[in-house]
Amino acid sequence: MGVWGTKFGKWSIVIVSLCLAIVGGQTQSARDTENGLLAVTAQLQKSAASQNVHIVEVDADSIATIHQFPWPREHYAALVRQLDAAGARSIVFDIEFSTPSAFEGDVAFAEAMAQANASIVMPTFSQSASEQSERQLDTLPIPAFRESTTLASASVKPDADARLRRMFYGTITDGTPRPSLSAQIAGARGAVGTHFPIDFSIDPSTIPRHSFTDIENGNFDSSAIAGKDVLVGATAIQLGDRYGVPIHGVIPGVTIHALAAETLIAGGLNEQGWIPLLLGSILFALLVIGAKSYRRLTLTIVGGFLTLFVVQAVAYHGAATILEIVPALIILTITGTAQIIRIARAELRAKSQIDGESSLPNAFAFARTGKANAQFVGTAFIKDFDSIQTVLGKDKSGSFIRRLAERLQSSAGISTIFRADARILAWTHSDLQALTEQFTAIEKALRKPIDITGRRIDVSLAFGVATDGDLAAASRAAGQAAKTGKVWHAHEDAEATLIEQRISLMGELDEAITSGQIAVHYQPKLRLSTNQIESVEALVRWQHPTRGNLSPDTFIPLAEETNRIELLTLFVLQQTIKDLREWSDNDVAISAAVNISATLISSESFVTAAERTLCETGVPRDRLIFEITESATMHNPDLAARNLMRFRDLGVEVSMDDYGTGQSTLSYLQLLPLTELKIDRTFVQNAHVEKSDALLVRSTIQLAHSLGLRVVGEGVEEEECLAFLREVECDYAQGYFVSKPLKTDELVPLVKSRDPAQKDTTIAEAR
């Protein structure tokens, strides 16, 4: 995933987003967006004016009544007298009086203002000398009007989009600082040249209004004016003096001054800038970067946006505070976009690492995830894959590969299986010897066919091994094993490692026997006629101090190859005889079988040593069984028969193990001094469902009984299989459904139980 997938990468996205948000939040487009969103927030909840500010409108009706404009200033004099008589607190003019008019009118207006008890405020403002000039011209009322009035600034400065959103606290005109009309009305103080936002959530229609001519003529409720601040200004369209504002469109300047005054009367709007919401957005950005799916990402982004908008609205309407939101939105937008890209990349990467047919991780996935931690890689080459694909059809091949992978995982304890090629599965392991043990476990597990939509598919695999996660080398090794008919083949590096491990392991075997690392467990055989445990098979276990519990398939073949099998077998024989005697002393009458390697049957030293052990220990007759494989008799059947007869003369019974997998003939069965025949699990475990297996098992039992031999069915793992063996009159059943291999202290209670085949707990543990 690269730097974008690390924690540092996630923080990098947030930091980059933060920088872009800070920079981008200062652009004009960001300011325009901010203004637009603030307008939306402001109009979510309208508020009413305080009723302390009244507007006297120079409206169209007044102009029509007086019939001329500018009006003779006697009209303004009459207005002042009427408002003063009504008890107005202040009379604030938003009308220019910078040029003289008729002498009588100016005198009358000046006298009315001088005699008024109300505070009279007249406007001043600045304007550019020309459109391209930076020189400012100040406009003030004529001197006669200044003597008895307060001067206040009516200057405004619209934003770049020609909308008026803010009002000055005050400006300088004629070299003197002047409060703005709104600040004068509200009695608010602020630095000259600074401005404040106007609260456009105030509904202009709630500001009390009066027509100029109605006030002049006395047609109004004087009590409504008492104690109020009165703003006098033009609202008639033909007089101009109109500005665009948020929410309300184009409205008269006098209304804007009134809204600004109302804003200050209410305490004003507190501007906290973009930092508060920006900090909150960082928390959401981290959640966004942590989202692993489009659904989670969408919910987080939408939740972030909604939270920011809600917080902004609550702050505005609940705490009269403006929080700028655009930088926060920029962070969420950028991190959201980045995460969409990351998720899309991850999905594409994941898709590229999945085999489309089987849904298993493929060779690309192995290269990214498997190879990094792979000391050794094992591969399984599917023999006759083309034939299997032809039988199943290409649409069922994926199901077959999945089922095969499941069989490998369950039988060998593999966590992840990769489909490296059409016919090659791969996995990794940290221990080479344990990896080769997995091959044996898998081979045994595949003796049972794989069922695909009612078709039972026999699968044969060849395995390969390589070091350092070299998948190609392991695949070639598996192919080589398939060509040569071997179970598995190791690439030369793996072969060298394996040889080194084997030599080391065999060097520890002698010490393991003397130090108690080697133990003997016993797997029960159920006598079907009595439903009792009457025999067991001795199985050797090696609890290695550093490698843990080693499977017999790991060290027994090595012991045979390195001529250490005799010592190991004699140890198992001696321990089994010892346990047989203890069981007999405790009234546990069972027999025990010891496996004798093919190489030992023809070994005079082993036969002699075994005879000496039997004579010295005095094992009870017919309680000890030697199990041999068919291959043990193939090389020299006459010598094998003579040596086995020597054991028979000492009271040892002889059992032929894995019957059916070799080349036994009736003559062998007649030649050897056998007392028992064990049918290989390959045929037994599916005999209750496979007609061909059932026929072989049934005919073998009949043959053995005709020769006076008892029969053991191996590999019983299901209740139905056990029922089948009862039906065909098999003598004994052995397998995990009966019991797993047990220590001697676990075995005795089971043997003494009345109905051991129904011991569900034991069966469940075994399986």
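Note that these values count all heavy atoms, side chains included, but never hydrogens, waters or copies made by symmetry.
Note that CZ of Phe385 is 14.5 Å distant from OG of Ser460, once rounded to the nearest 0.5 Å. Put simply, CD on Gln389 and CD1 on Ile382 are 10.0 Å apart, with the number rounded to the nearest 0.5 Å. Here the CD atom belonging to Glu611 is positioned 10.0 Å from the OG1 atom belonging to Thr613, to the nearest 0.5 angstrom. The distance from atom CD1 of Ile596 to atom OG of Ser655, rounded to the nearest 0.5 Å, is 11.5 Å. Rounded to the nearest 0.5 angstrom, Ile625 CD1 and Arg710 CZ are separated by 4.5 Å. We find the CD1-CG distance between Ile601 and Leu639 to be 9.5 Å, quoted to the nearest 0.5 Å.
Contact annotation: the side chain of Val751 never approaches that of Trp583 to less than 4.5 Å [non-hydrogen atoms, C-beta and beyond]. A 4.5 Å side-chain heavy-atom check between Leu722 and His688 finds every atom pair outside the cut-off. Contact annotation: the side chain of Leu404 approaches that of Leu446 to within less than 4.5 Å [non-hydrogen atoms, C-beta and beyond]. Between Tyr732 and Ser529, the closest side-chain pair of non-hydrogen atoms is not below 4.5 Å. Between Leu461 and Phe439, the closest side-chain pair of non-hydrogen atoms is not below 4.5 Å. At least one side-chain heavy atom of Pro552 sits under 4.5 Å from a side-chain heavy atom of Arg541. Looking at heavy atoms from C-beta onward, Gln409 lies in side-chain contact with Ile417 at the 4.5 angstrom threshold. In this structure, the side chains of Phe606 and Ile565 stay at 4.5 Å or more apart for every pair of heavy atoms.
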I'd like to know whether Asp587 forms a salt bridge (Lys or Arg N to Asp or Glu O under 4.0 Å) with Lys752, so could you lay out the CA-CA distance, the side-chain angles of the two residues, the decisive distance to 0.1 Å, and finally the verdict.
CA-CA 9 Å; Asp587 296 325; Lys752 290 184 176 182; over 6 Å; no
Could you walk me through whether Leu425 and Leu360 pass side chain to side chain contact (heavy atoms under 4.5 Å, CB included), step by step?
CA-CA 9 Å; Leu425 302 179; Leu360 294 175; 4.2 Å; yes
Please walk me through it: do Leu725 and Val711 pass side chain to side chain contact (heavy atoms under 4.5 Å, CB included)?
CA-CA 10 Å; Leu725 292 180; Val711 182; over 6 Å; no
Is there a side chain to side chain contact (heavy atoms under 4.5 Å, CB included) between Val520 and Tyr522 once you walk through the steps?
CA-CA 7 Å; Val520 179; Tyr522 299 95; 3.6 Å; yes
May I have the step-by-step check of salt bridge (Lys or Arg N to Asp or Glu O under 4.0 Å) for Glu717 and Lys444, ending in yes or no?
CA-CA 13 Å; Glu717 297 180 357; Lys444 288 183 177 179; over 6 Å; no
What do the steps show when you test Arg648 against Glu653 for side chain to side chain contact (heavy atoms under 4.5 Å, CB included), and what is the final call?
CA-CA 6 Å; Arg648 286 289 287 126; Glu653 296 190 342; 4.2 Å; yes
Test side-chain hydrogen bond (donor to acceptor under 3.5 Å, both in side chains) applied to Arg402 and Ser399, step by step:
CA-CA 5 Å; Arg402 285 195 303 274; Ser399 298; 3.2 Å; yes
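Closest heavy-atom contact between Pro524 and Val536: CA-CG1, 3.8 Å. Residues Ser739 and Gln523 approach most closely at O-NE2, 3.2 Å, considering heavy atoms. In terms of heavy atoms, Asp431 sits closest to Ala434 at OD2-N, 2.7 Å. Closest heavy-atom contact between Ile388 and Lys383: CD1-O, 4.0 Å. Of all heavy-atom pairs spanning Ala462 and Ala482, the tightest one is CB-N, 3.5 Å. Closest approach of Pro673 and Val654 over heavy atoms only: O-CB, 3.5 Å.
No donor-acceptor pair closer than 3.5 Å links the side chain of Asp731 to the backbone N or O of Val712. Listed for the Ser584 side chain is no donor-acceptor partner under 3.5 Å among the backbone atoms of Leu580. The backbone N or O of Glu729 sits nowhere less than 3.5 Å from a side-chain atom of Arg726 that would complete a donor-acceptor pair. With hydrogens and angles disregarded, no donor-acceptor distance shorter than 3.5 Å links the side chain of Asp384 to the backbone of Ser387. A donor-acceptor distance shorter than 3.5 angstrom exists from the side chain of Asp680 to the backbone of Thr682, with no hydrogens or angles considered. Although no hydrogens or angles enter the test, the distance criterion places no donor-acceptor pair under 3.5 Å between the side chain of Ser535 and the main chain of Ala592. Of the possible polar contacts, none joining the Glu534 side chain to the Ser591 backbone as a donor-acceptor pair under 3.5 Å is found. Distance alone, capped at 3.5 Å, is enough to place a donor-acceptor pair between the Arg407 side chain and the Pro449 backbone. Judged by distance alone, with hydrogens and angles left aside, the side-chain atoms of Gln438 form a donor-acceptor pair with the main-chain N or O of Ala412 at under 3.5 Å.
The side chain to side chain contact (heavy atoms under 4.5 Å, CB included) with Leu435 is formed by just one residue from the set Phe376, Phe463, Trp488; it is Phe376. Here the options are Val594, Leu539, Asn595, the test is side chain to side chain contact (heavy atoms under 4.5 Å, CB included), and the partner is Val572; only Val594 passes.
Judged purely by distance below 3.5 Å, without hydrogens or angles, the side chains of Glu604 and Asn643 never pair a donor atom with an acceptor atom.
Under the side chain to side chain contact (heavy atoms under 4.5 Å, CB included) criterion, Asp693 pairs with Phe683, Asn686, Ala687, Glu690, not counting sequence neighbours. For the side chain to side chain contact (heavy atoms under 4.5 Å, CB included) test, residues two or more places apart in sequence or in another chain that qualify with Ala694 are Phe724. In this structure, the side chain to side chain contact (heavy atoms under 4.5 Å, CB included) partners of Ser475, at least two apart in sequence or on a different chain, are Thr379, Ile424, Leu471.
Residues Glu676 and Lys525 are paired through a salt bridge, judged by an N-O separation under 4.0 Å between the basic side chain and the carboxylate. A salt bridge does not link Arg403 to Asp451: none of the charged side-chain nitrogens sits closer than 4.0 Å to a carboxylate oxygen.
Within a 6.0 Å sphere centred on CZ of Arg455, other residues, nucleotides and ligands contribute 12 heavy atoms or fewer.
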